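Read through the structure below, which is laid out as structure tokens, and then see the notes.
Just so it is clear, the structure is predicted and the values come from calculations on it, not from any experiment.
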Amino acid sequence: MTEPRRLRGHKATATCCIASRDKPGLVATSGEDGCICWFDMRCKDVKFVMDVSNEPISSLCFNSGNENIIYVSTGNEVKCFDVHTLADNSWKPLESYNYNKEEINQVTCNSRSSFLASADDGGEIKIIDIRQKRIFKTLRAGHTSICSSVQFIPWRPWEIVTGGLDSSLPDMHSGSNAGQCLNPAFVHSVKVPDVDMLDKIGKICVVARGDGVIDVINTESELTATKPKIQGSDGGVPDENGRKWLHLDYSLGGHTAAVSCMTFSLFGEKGKFLVSGGNDKLVKVWDCSRCLGSWQTGDTNELLHLNINLTKKVNWLCTTPAESDNLVVCDTTKLVKVLHCFLNQSCESSREVCHLLLFLEYVVAKD
């Protein structure tokens, strides 16, 4: 057991972190200081710091087709930067979008690098055409309060899923624009897997709730559930409306307070693990590859793979495709923590099934 890495660079609380898929080990973090810090996990110190705003930065995302392009939400504005064209201490944005009326909570780019979506405190989602550099559409009927999270659905290129603090997740199979109350608790975050993860975990959406529960939703059964069914079309066990849900709650070793963020693992087999962080100062690693089997059999044993105790509430987390230094956590301090997850391949000969054992080397240092 060794002391964890602590990444220094922010002058105030770290709010968000993203990891490059193209360049393993490259991580960008944002903070309430209005700065973006770039880290190379192979190096000790921060690579460089971008001072881009006088306001806190709420969210970051890469351009899906060109990771030299990064989008930053601060206040009610989305700024676009090309990090390869920036001069030292001159952080002039490539583009700036001021379409949201309220503070933005999350910005995300679709897999085709053609649209941005920005979700704000007024419950509106602005869809921005990146290529035409203009507003494409405003979605405003789905939420009655804060829209906290938005994600494009990669296998349905013209659809998004959003979550909000109105306790609703818009009904994806409904023909109307109105939201339907599908969750009894606030929705803090939604996440869908990338296309290269679908063969491992299927077409799912995971929902982080304010009561500590994570819902795992089979999106295809949700979208096609138009009447009660006795058995799902793919052999699973649906609910009375033909939908397939898993509830990762306290009875399965889940969180005891609000779940603030989630991410799918980029290390090892991409998407095999779902990593969640919460206000209970815990990070939990779930074996998402077992979810399909759980829908088919009802067996929810061994879904929780690892439990990590921290000393602060978790704001954001991300994983990297590296073999080590591959789990990055932003908590309520200015220091970004790096957890080291090592994967060993083994084979359970009695079942003739290979599985991964995830070992964690982490000791919480004093903040």
Side-chain angles (χ1 to χ4, degrees), residues 16-19 21 106 108 148-149 151-155 161 163 169 183 185 187-220 222 244-280 282-295 299-310 314-321 326-330 339 341 343 355-360 362:
C16 182
C17 56
I18 54 175
R21 290 175 65 105
Q106 187 172 22
T108 187
S148 54
S149 186
Q151 293 280 290
F152 286 97
I153 303 177
W155 57 93
V161 58
L169 193 68
N183 296 87
V187 176
H188 290 289
S189 179
V190 295
K191 193 75 174 175
V192 293
D194 295 327
V195 171
D196 59 359
M197 301 176 180
L198 298 183
D199 60 341
K200 175 62 63 177
I201 57 178
K203 297 175 179 179
I204 63 173
C205 172
V206 290
V207 180
R209 293 171 27 174
D211 59 358
V213 177
I214 299 172
D215 285 326
V216 183
I217 304 170
N218 183 316
T219 58
E220 298 309 292
E222 179 71 26
K244 297 179 187 175
W245 294 48
L246 279 179
H247 303 284
L248 306 179
D249 58 18
Y250 183 72
S251 68
L252 299 178
H255 291 276
T256 57
V259 184
S260 54
C261 57
M262 303 168 297
T263 189
F264 291 101
S265 61
L266 293 180
F267 51 77
E269 299 178 65
K270 288 184 176 63
K272 177 178 172 63
F273 297 106
L274 173 71
V275 186
S276 62
N279 290 350
D280 53 2
L282 294 173
V283 170
K284 294 179 181 287
V285 181
W286 305 87
D287 191 341
C288 246
S289 65
R290 294 179 180 268
C291 288
L292 179 60
S294 297
W295 270 311
D299 182 9
T300 55
N301 292 328
E302 300 181 351
L303 289 178
L304 180 62
H305 194 77
L306 191 67
N307 190 64
I308 305 166
N309 293 299
L310 304 178
V314 178
N315 284 334
W316 209 283
L317 48 76
C318 68
T319 63
T320 79
N326 47 21
L327 180 53
V328 182
V329 178
C330 295
L339 290 74
C341 296
L343 293 171
H355 64 282
L356 292 175
L357 297 177
L358 180 63
F359 295 98
L360 173 71
Y362 180 70

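In plain terms, the two heavy atoms of K200 and S289 that are nearest each other are CD-CB, 3.7 Å. The two residues T256 and D280 have their closest heavy-atom pair at N-OD2, 2.9 Å. Nearest approach of P193 to G202, heavy atoms of both residues: CG-O, 3.7 Å. Smallest separation of non-hydrogen atoms from V259 and H188: O-CB, 3.4 Å.
Checked by atom type and distance alone, the side chain of T108 never pairs as donor or acceptor with a backbone atom of F152 at under 3.5 Å. A donor-acceptor pair under 3.5 Å links the side-chain atoms of S260 to the main chain of V314, judged by distance alone. Side-chain atoms of D215 never come within 3.5 Å of backbone atoms of I217 as a donor-acceptor pair (strictly under, hydrogens ignored). Remark: the backbone N or O of G163 is paired with a side-chain donor or acceptor of S148 at under 3.5 angstrom.
Partners of S189 under the side chain to side chain contact (heavy atoms under 4.5 Å, CB included) rule, at least two apart in sequence or in another chain, are S149, A208, M262. Scored by the salt bridge (Lys or Arg N to Asp or Glu O under 4.0 Å) test, D249 finds no partners at all (sequence neighbours excluded). Legend: residues meeting side-chain hydrogen bond (donor to acceptor under 3.5 Å, both in side chains) with D199, ordered by chain and number and at least two apart, are absent. Among residues two or more places apart in sequence or in another chain, the side-chain hydrogen bond (donor to acceptor under 3.5 Å, both in side chains) test is passed with W286 by S276. Residues passing the side-chain hydrogen bond (donor to acceptor under 3.5 Å, both in side chains) test with N315: none are found, sequence neighbours excluded. Not counting sequence neighbours, T320 has no partner by the side-chain hydrogen bond (donor to acceptor under 3.5 Å, both in side chains) test.
Residues L282 and N307 have side chains in contact (heavy-atom distance under 4.5 Å, counting atoms from C-beta outward). At least one side-chain heavy atom of F264 sits less than 4.5 Å from a side-chain heavy atom of I201. Within the 4.5 Å cutoff, no side-chain heavy atoms of I204 are placed close to those of T219. Inter-residue side-chain proximity for V275 and V283 is flagged as met; some heavy-atom pair is nearer than 4.5 Å. Side-chain atoms of R21 and D196, non-hydrogen and from C-beta on, do get closer than 4.5 Å to each other. C318 has its side chain out of reach of I18: every pair of non-hydrogen atoms, C-beta onward, lies at least 4.5 Å apart.
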Working note: W155 + I153, criterion side-chain contact (heavy atoms from CB on, under 4.5 Å); need CA distance, chi angles, decisive distance, verdict.
CA-CA 6 Å; W155 57 93; I153 303 177; 3.4 Å; yes
Go through it in stages, so that I can follow the logic: the residues are V328 and T319, the test is side-chain contact (heavy atoms from CB on, under 4.5 Å), and I'd like the CA-CA distance, side-chain angles, deciding distance and then a yes or no.
CA-CA 6 Å; V328 182; T319 63; over 6 Å; no
Assess the residue pair L198 and K203 against the criterion (side-chain contact (heavy atoms from CB on, under 4.5 Å)); give the C-alpha distance rounded to whole Å, side-chain angles, the decisive distance to 0.1 Å, and a yes or no.
CA-CA 6 Å; L198 298 183; K203 297 175 179 179; 4.2 Å; yes
Would V213 and L248 count as a side-chain contact (heavy atoms from CB on, under 4.5 Å) here? Give the steps.
CA-CA 6 Å; V213 177; L248 306 179; 5.8 Å; no
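Note that the NZ atom of K191 and the SG atom of C261 stand 10.0 Å from one another [nearest 0.5 Å]. One distance of note links CG of L327 with CG of L317; it measures 6.0 Å at 0.5 Å rounding. One finds the NE2 atom of H305 at 13.0 Å from the CG atom of L274 (value rounded to the nearest 0.5 Å). In this structure, CG in L304 is found 11.5 Å from CZ in R290, a value given to the nearest 0.5 Å. Note that the CZ atom of F267 and the NZ atom of K272 stand 10.5 Å from one another [nearest 0.5 Å]. Taken to the nearest 0.5 Å, the CE atom of M197 stands 10.0 Å off from the SG atom of C288.
Here the two rings, on H255 and Y250, have centers that are 6.0 Å apart or farther.
By the 4.0 Å N-to-carboxylate-O rule, K270 lies too far from D194 to be salt-bridged with it.
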